[in-house]
Each structure stands twice: as structure tokens, then as C-alpha cells.
Colleague: 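Got a structure for you, questions after.
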Amino acid sequence: MELSRKVMQIQPSATLKISAQAKQMIADGIDVINLGIGEPDYQTPDNIKQAAIASITNGQASFYTPATGLPALKTAISRRIEADHGYHFDPSQIVVTDGAKMALFTLFQVILNPKDEVLLPVPYWVSYSEQVKLASGVPVEVGTDRQLRFTIADLEAQRTSKTKALVLNSPQNPSGLVFSRAELTAIVNWAVQHDILIVADEIYEKLLYNGNHFTSVLELGDANLDHVVLINGVSKAYSMTGWRIGYAAGPKAIMAKMGIVLGHAASNPAAVSQYAAIEAFSGDQSSVETMRQGFEQRLNELYPLIAALPGFKLPGGKPAGAFYLFPDVTETLRLTGYADAPAFVTAVLNEAHVGLVPGEAFGLPGHIRISYATDMVSLRKAYQRLKTFIEHKMAEQPAPNL
């Protein structure tokens, strides 16, 4: 049987692939430290767990909900957005999904026609490009400078009559880059001028470090928001990756069509997860700050260690947000004799037992992504393994002919 040509061009998620390999090695009794997955190691806060248990005990979680989410959850999301960013979404402008990934997937299904183009500044999260392809669209990479930033000129160089959307991820996965208000204003104004939809993925908005400030696109003025769809969820800020609750918020016409697609695709997100998410958005927010401080401490200790590894360069300096480092290891590859980052990462996993992700998965070869969303003891051990691995490989290289 011939399979769908559209599906045949899709690549598996590199982050999930590395994580699966690491988990299998762990199951086989190998001491692997997996720094390849973007998942907080904190437990979901107790107040959120208790809200879920209560919904099971009282029978609320036993039944279908509306396809686009419980009205109470949409109201909680609307109030949280307004409290954080001063902008009010009517609940009819909000669609709840099985994780933020499903919000993105459904949005692309709704807005893209065959050959429509979506601009993706590099580096970009692994699933953006594949989801665009699954919607019969064309992902178009936008070049960035050595600091991983881009300009309006860079966007304009890639714009065509088929350009439909621009994905704007801040804080960014994989680099931790955060766009300034001035940068965001220029980007959004350019998009509105050319009738291009901004897909604003702000899933890491709560994870900012060392005094850095986050500006949401929602804070730039109401006039532009008919060209913006916000993507967010509970996975990162509330350490709820397993609960699978995300959302999209934006123009009613787009949200209505997303609701129709979701009604056929999934019926509704898990009811128990929705009741937990109501508490996440509405309840005590102190756990968010506790986890943020924990990530900040890890970043501040790990960053100088990684920056000092032979050949490693950290574009843009210390990341402002998220929980990743994204070093350029081009020189390290030369020093250790590896042809590319995938070969290097494979060897590190098999020999040093540390899981990393190659930059090719994010559209930027010669880099690797390191997640510091794990305990500091494991991070120190992983750093030492990586350092020893690199030094041994460097020592094995033949002396240059002089």
C-alpha cells in the first residue's frame, strides 16, 4: 500500500527520539542522564493535584466536555491572561487543546492552504516545520545573526505572495532568547502591514531569569491583535507536561474553525486535566516562582561550565529564559573529529551516556541543545561526563602535519 506522500516527508521528533533512546538505555540498566527532553523535573504542585482528585471524586471528570474546553477553564485562562498582560479575551476567543502542540497543529490545519508559506526564524522548535508540512504548507527558514536575532530585512527577504504566517517563539526553544519590546513592535507592525498572521508561542513566558523581562505580543496594543494567535499552556510554568492542556487565543473566526476541527479530531481534552488546569490558572501562583528560581540557580551554575568546554560558544551569551542552552559546537566537532552534530550527539549518548539533541533538528546545524530541567547533581555529573568525553576524543586525534 502506498502511504500518504504528505506523511512520508515528515521527520520524527528529534527530542522525543533522543528521549526514547535514553529511556530504553536506562531500562537496560545503563546510567544515562537525559538532557534531551524539554520537561521540568518538578512535580505538579499539590493544589493542582488535589483539584484533579476532587473532580474525580465528585464525578465531574467522568463525562465529555465541550470540544473547545470547559467554560470555567476558558474563563480562568481569560482572567490569567488579563492579570498577566492586561488584555481581555472573551472566552469565545479561546480554544483548549491536548497540549500546546495540538493547538499549533490545529491552527495550521485551519489557516493553511496547499503551498502557503510559514516563516520560521532559525533556530525553531522541532515540530513547527513538520506541522506546517502536515497542513500542506511550506516551512520557510529565516536566517538570523550570530546572536540568533533577525531583522525586518531578514523577514522581507523571505516574504512572498504565499507567505501566510510567522511563528514567533519568545522565550525561545532551543536558545532561551527573549525578544525585546522594540523588536516585537517592529515585527508585529511588519506582519500587520503585509497581512501576515503572527503565531505567538509564549509557552515559556513565566521562565525568565536574572532580571530579564518578558513582553507579550498582547502588550503591544489592541489594534494589531486581529493578526495574532496566542499559543500557551500549563506544561512548563506549572510542570504539567503529562496533563496535556494547552490553548490558542485569537480572532473568533479562526477559533471557531479550530473548534470544528477539534470536534472531529479529539472530541475534547481529558476532563480531569481541565479541572486541574482551572486550579493552575486560578489558584495559588507561588509554585511558579519557586520553580523559576530553581531553574535560574541551575542556569547560573551550569552556564559557565558549559561555556568553558573546548570549542563551545554560546551565541547571545547567557540565555534570558526557557531552560535550555544552545551552544555552537562547530569548533568542538573539528577538535574531536566528528563530521556533524548528529554524529557527536550519538557518540555522547552511547559512550558518555548523556542525552543531547543536535541543532539540525532546530534548523541550525553545528549546534546542540542542552536542557537544564533536571536536578543540579545530575547536571554536574553530565557536565563532567561531557568534558571527559571531549578531552578523550581530542587526545585521540592525530597530530597535525607541520
Colleague: Please report whether the ring centroid of Y324 lies less than 6.0 Å from that of Y204.
Modeller: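 Yes, the ring of Y204 comes within the 6.0 Å limit of the ring of Y324, centre to centre.
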Colleague: Applying ring-ring contact (aromatic ring centres under 6.0 Å, His included) as the test, list every pair that has at least one member in residues 289-321; sequence neighbours left out.
Modeller: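 For residues 289-321: Y42-F295, F295-F323.
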Colleague: Residues two or more places apart in sequence or in another chain: which of them pass side chain to side chain donor-acceptor pair (under 3.5 Å) with E279?
Modeller: N47
Colleague: D195: what forms a side chain to side chain donor-acceptor pair (under 3.5 Å) with it, not counting sequence neighbours?
Modeller: H227
Colleague: Please list, chain by chain and in numerical order, all residues satisfying side chain to side chain contact (heavy atoms under 4.5 Å, CB included) with D145, sequence neighbours excluded.
Modeller: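 Only Q147, R149 meet the side chain to side chain contact (heavy atoms under 4.5 Å, CB included) criterion with D145.
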Colleague: Do any pairs count as a ring-ring contact (aromatic ring centres under 6.0 Å, His included) and have a residue in residues 254-278, sequence neighbours left out, and if so which ones?
Modeller: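 The answer is none; no pair qualifies.
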Colleague: Once side chain to side chain contact (heavy atoms under 4.5 Å, CB included) is applied, do any residues pair with T44, and if so which ones, sequence neighbours excluded?
Modeller: I48, K49, M240, W243
Colleague: Applying side chain to side chain donor-acceptor pair (under 3.5 Å), name anything that partners K257, two or more places apart in sequence or on another chain.
Modeller: none
Colleague: Applying side-chain hydrogen bond (donor to acceptor under 3.5 Å, both in side chains), which residue pairs with at least one partner in residues 25-34 are found, sequence neighbours left out?
Modeller: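 Every side-chain hydrogen bond (donor to acceptor under 3.5 Å, both in side chains) pair that includes a residue of residues 25-34, provided the two are not neighbours, is S19-N34, Q24-D28, D31-R385.
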Colleague: Who passes side chain to side chain contact (heavy atoms under 4.5 Å, CB included) against T97, sequence neighbours left out?
Modeller: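 Per chain and number, T97 pairs via side chain to side chain contact (heavy atoms under 4.5 Å, CB included) with V95, M102, A103, L262.
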Colleague: When you measure from the side chain of R298 to the backbone N and O of T374, does any donor-acceptor pair fall under 3.5 Å?
Modeller: yes
Colleague: Could you pull out all residues at least two apart from D154 that satisfy side chain to side chain donor-acceptor pair (under 3.5 Å)?
Modeller: T151
Colleague: With sequence neighbours left out, what residues match E2 under side chain to side chain contact (heavy atoms under 4.5 Å, CB included)?
Modeller: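 Checked E2 against side chain to side chain contact (heavy atoms under 4.5 Å, CB included); matches are R5.
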Colleague: Quick one: list whatever passes salt bridge (Lys or Arg N to Asp or Glu O under 4.0 Å) with E331, sequence neighbours left out.
Modeller: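 Testing E331 for salt bridge (Lys or Arg N to Asp or Glu O under 4.0 Å), a comparison that skips the adjacent residues, returns R334.
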